[in-house]
*Asks:* 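Mind looking over this structure? Questions follow.
In what follows, chains are A, B, ... by sequence order, proteins preceding strands, each numbered from 1.
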Protein chains: 2
Amino acid sequence: MTTQVSPGAGPAPEPPVGEPRWLDAEEQRAWRAWLYSTQLLNDRLDRELMRATGIPHTYYEILVQLSETPDRQMRMSELADRCLSSRSRLSHAVSRLEERGWVRRQECAEDGRGLLAVLTDEGFAALEAAAPIHVEGVRTHLFDQLTLEQVAAMRDLGETLLRHLDPS
Amino acid sequence: MTTQVSPGAGPAPEPPVGEPRWLDAEEQRAWRAWLYSTQLLNDRLDRELMRATGIPHTYYEILVQLSETPDRQMRMSELADRCLSSRSRLSHAVSRLEERGWVRRQECAEDGRGLLAVLTDEGFAALEAAAPIHVEGVRTHLFDQLTLEQVAAMRDLGETLLRHLDPS
DNA sequence: GTAGCGTAGTTGAGCGCTTGACTATTCCGC
DNA sequence: GCGGAATAGTCAAGCGCTCAACTACGCTAC
């Protein structure tokens, strides 16, 4: 089951120290459901966005982050952090977006090492075109499927995990 | 906010038909928490598995699926379906696993078009070595962070979404 | 039997991502 | 000031994935 090779099932009989803490049957079900649903949802949204607009979700995220700053620009490193991206990945991605004319790099006055990524008008227009596609996907495949209680639970789960995974 | 360009916030005032159904503030929070937490969790587990064992999670999943069949073999197509993988991707992946001697392809008696992917003893051993690493990651970064109620909610959410995304 | 269509699986080009090494600049202690 | 460490960002090689085209076999009808 995705995480098991040996035992499996049963109500977790407190393994000795050093022994793997295998998942019991309930945990297996929960883990598998989470793993598969997140994977299918991400694949689906990414594919729909890609088909409709030609940009992958990671690039979309860059445009979103830039669009939300007051002057539509941000230091490369901060942009990378906000996009949960490595610096290398962001650097490559910004190069691609620059080729399309959606972002441009600009030297940073306060720090000679630094660069600003600036969202161009064309980039903003591209984002405005892509956003309705994306939000419709999120509605259809996520929120339309859930009750208000489930949405609340989703937020609670996500925020709980974020406190552990990204304590920033 | 990841899915927004224009409006934002407020209790969703029933948009006219054709208008994007933007997310309200609560939905934004829920969506962002879900998106970021799933991404961070997957990245983390994949990276830890990769560092410790040299195999990416998608390859691990192939080995798991094969190990769970009675005779450790499966038709390529069915394996692809179970791994939520395209046939092309599975074909490439099996080729890599074959180079390591963990899987081999075998002709299928009943169907001249078909092939069986067979888990070798070396492959099973590799899986046995990787599984404790992986399950420990799932424990540490997921189950150890959650209450029993949250685990139940996670399963409920996942299964609800699966019914929509993968009605198989 | 053979034409035509559907299914099983593979392949290669192109892209995004990771890793690790690299340059350039700033910060800090003495 | 000056030397060394830390920070900002880039780049190239290698890998996994996608897409679309392709081969090969089976299935059905006539």
Side-chain angles (χ1 to χ4, degrees), chain A residues 39-40 42-63 66 73-100 102-118, chain B residues 39-40 42-63 66 73-100 102-118:
Chain A
Q39 195 168 323
L40 284 170
N42 282 330
D43 287 358
R44 188 101 160 217
L45 292 175
D46 196 25
R47 199 176 298 265
E48 288 179 1
L49 190 63
M50 190 73 182
R51 281 214 174 278
T53 71
I55 50 172
H57 187 256
T58 47
Y59 287 27
Y60 178 81
E61 185 73 21
I62 294 173
L63 301 181
L66 286 175
Q73 61 185 35
M74 203 185 293
R75 286 291 295 269
M76 293 288 283
S77 304
E78 189 181 348
L79 187 51
D81 291 344
R82 293 205 192 208
C83 294
L84 304 182
S85 170
S86 70
R87 277 119 209 265
S88 171
R89 174 163 145 195
L90 184 80
S91 181
H92 286 296
V94 166
S95 297
R96 299 301 151 268
L97 291 171
E98 219 169 5
E99 288 168 11
R100 300 193 191 209
W102 291 356
V103 171
R104 64 187 162 71
R105 276 179 244 244
Q106 187 178 299
E107 304 213 333
C108 178
E110 307 98 55
D111 188 337
R113 298 166 299 182
L115 291 177
L116 290 164
V118 185
Chain B
Q39 195 168 322
L40 284 170
N42 282 330
D43 287 359
R44 189 103 161 215
L45 292 175
D46 196 28
R47 200 176 298 266
E48 288 180 1
L49 190 64
M50 190 74 183
R51 280 214 175 278
T53 70
I55 50 174
H57 187 256
T58 47
Y59 287 26
Y60 178 80
E61 184 73 20
I62 293 172
L63 301 181
L66 286 176
Q73 61 186 33
M74 202 185 294
R75 286 290 295 270
M76 294 289 284
S77 302
E78 189 181 348
L79 187 52
D81 290 345
R82 293 205 193 207
C83 294
L84 303 182
S85 170
S86 70
R87 278 116 207 268
S88 169
R89 173 163 144 195
L90 183 80
S91 182
H92 285 296
V94 166
S95 297
R96 299 301 151 265
L97 291 172
E98 221 170 4
E99 288 168 10
R100 300 191 192 209
W102 292 355
V103 170
R104 64 186 163 73
R105 275 179 245 243
Q106 186 178 298
E107 304 214 333
C108 179
E110 307 99 56
D111 189 339
R113 296 165 299 181
L115 290 176
L116 289 164
V118 185

*Asks:* Can you check the Glu61(A) CD to dC17(C) C1' distance for me, whole Å?
*Replies:* 16 Å
*Asks:* In chain order, what residues pass the salt bridge (charged side-chain N to carboxylate O under 4.0 Å, His left out) check against Asp43(A), with sequence neighbours excluded?
*Replies:*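 None.
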*Asks:* Tell me, please, which residues at least two apart from Arg47(A) pass side-chain contact (heavy atoms from CB on, under 4.5 Å).
*Replies:* none
*Asks:* Just jot down the side-chain contact (heavy atoms from CB on, under 4.5 Å) partners of Glu98(B), sequence neighbours excluded, or say none.
*Replies:*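 Per chain and number, Glu98(B) pairs via side-chain contact (heavy atoms from CB on, under 4.5 Å) with Arg104(B), Arg105(B).
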*Asks:* Apply salt bridge (charged side-chain N to carboxylate O under 4.0 Å, His left out) to Glu107(B) and list each qualifying residue two or more places apart in sequence or on a separate chain.
*Replies:* none
*Asks:* Closer to the 5' end of DNA chain C via nearest nucleotide, is it Glu78(B) or Pro56(A)?
*Replies:* Glu78(B)
*Asks:* In whole angstroms, how far is the C1' atom of dC17(C) from the CE atom of Met50(A)?
*Replies:*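 Going from Met50(A) (CE) to dC17(C) (C1'), I get 14 Å.
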*Asks:* Chain B on DNA chain D: first and last contacting nucleotide, 5' to 3', under 4.0 Å to a heavy atom?
*Replies:* dG16(D) to dG26(D)
*Asks:* What contact category does Thr58(B) fall into here, base, sugar-phosphate, or nothing, at under 4.0 angstrom with non-hydrogen atoms?
*Replies:* sugar-phosphate
*Asks:* Please list residues of residues 103-117 of chain A whose heavy atoms come under 4.0 Å from any atom in DNA chain C, ordered by number; otherwise none.
*Replies:* Asp111(A), Gly112(A), Arg113(A)
*Asks:* Please identify each residue that fulfils side-chain contact (heavy atoms from CB on, under 4.5 Å) with Asp46(B), with sequence neighbours left out.
*Replies:*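 Testing Asp46(B) for side-chain contact (heavy atoms from CB on, under 4.5 Å), a comparison that skips the adjacent residues, returns Pro56(B), His57(B).
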*Asks:* Using a 3.5 Å distance criterion without hydrogens, assess whether the side chain of Ser95(B) forms a donor-acceptor pair with backbone atoms of Ser91(B).
*Replies:*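 Looks like yes, one N/O pair under 3.5 Å.
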*Asks:* Can Asp81(A) and Arg87(A) be said to form a side chain to side chain contact (heavy atoms under 4.5 Å, CB included), step by step?
*Replies:* CA-CA 8 Å; Asp81(A) 291 344; Arg87(A) 277 119 209 265; 4.0 Å; yes
*Asks:* Apply side chain to side chain donor-acceptor pair (under 3.5 Å) to Glu48(B) and list each qualifying residue two or more places apart in sequence or on a separate chain.
*Replies:* His141(B)
*Asks:* My understanding is that only residues two or more places apart in sequence, or in another chain, count here; which of them pass side-chain contact (heavy atoms from CB on, under 4.5 Å) with Thr53(B)?
*Replies:* Leu49(B), Ile55(B), Ala130(B), Ile133(B)
*Asks:* By salt bridge (charged side-chain N to carboxylate O under 4.0 Å, His left out), which residues pair with Arg89(B), not counting sequence neighbours?
*Replies:* none
*Asks:* Quick check on contacts: within residues 80-94 of chain B, what sits under 4.0 Å from DNA chain D by heavy-atom distance?
*Replies:*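 Contacts with DNA chain D under 4.0 Å: Ser86(B), Ser88(B), Arg89(B), His92(B).
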*Asks:* Go through the structure and list residues passing salt bridge (charged side-chain N to carboxylate O under 4.0 Å, His left out) with Arg100(A), not counting sequence neighbours.
*Replies:* none
*Asks:* Please compare Arg47(B) and Arg96(A) by the position of their nearest nucleotide in DNA chain C and report the one closer to 5'.
*Replies:* Arg96(A)
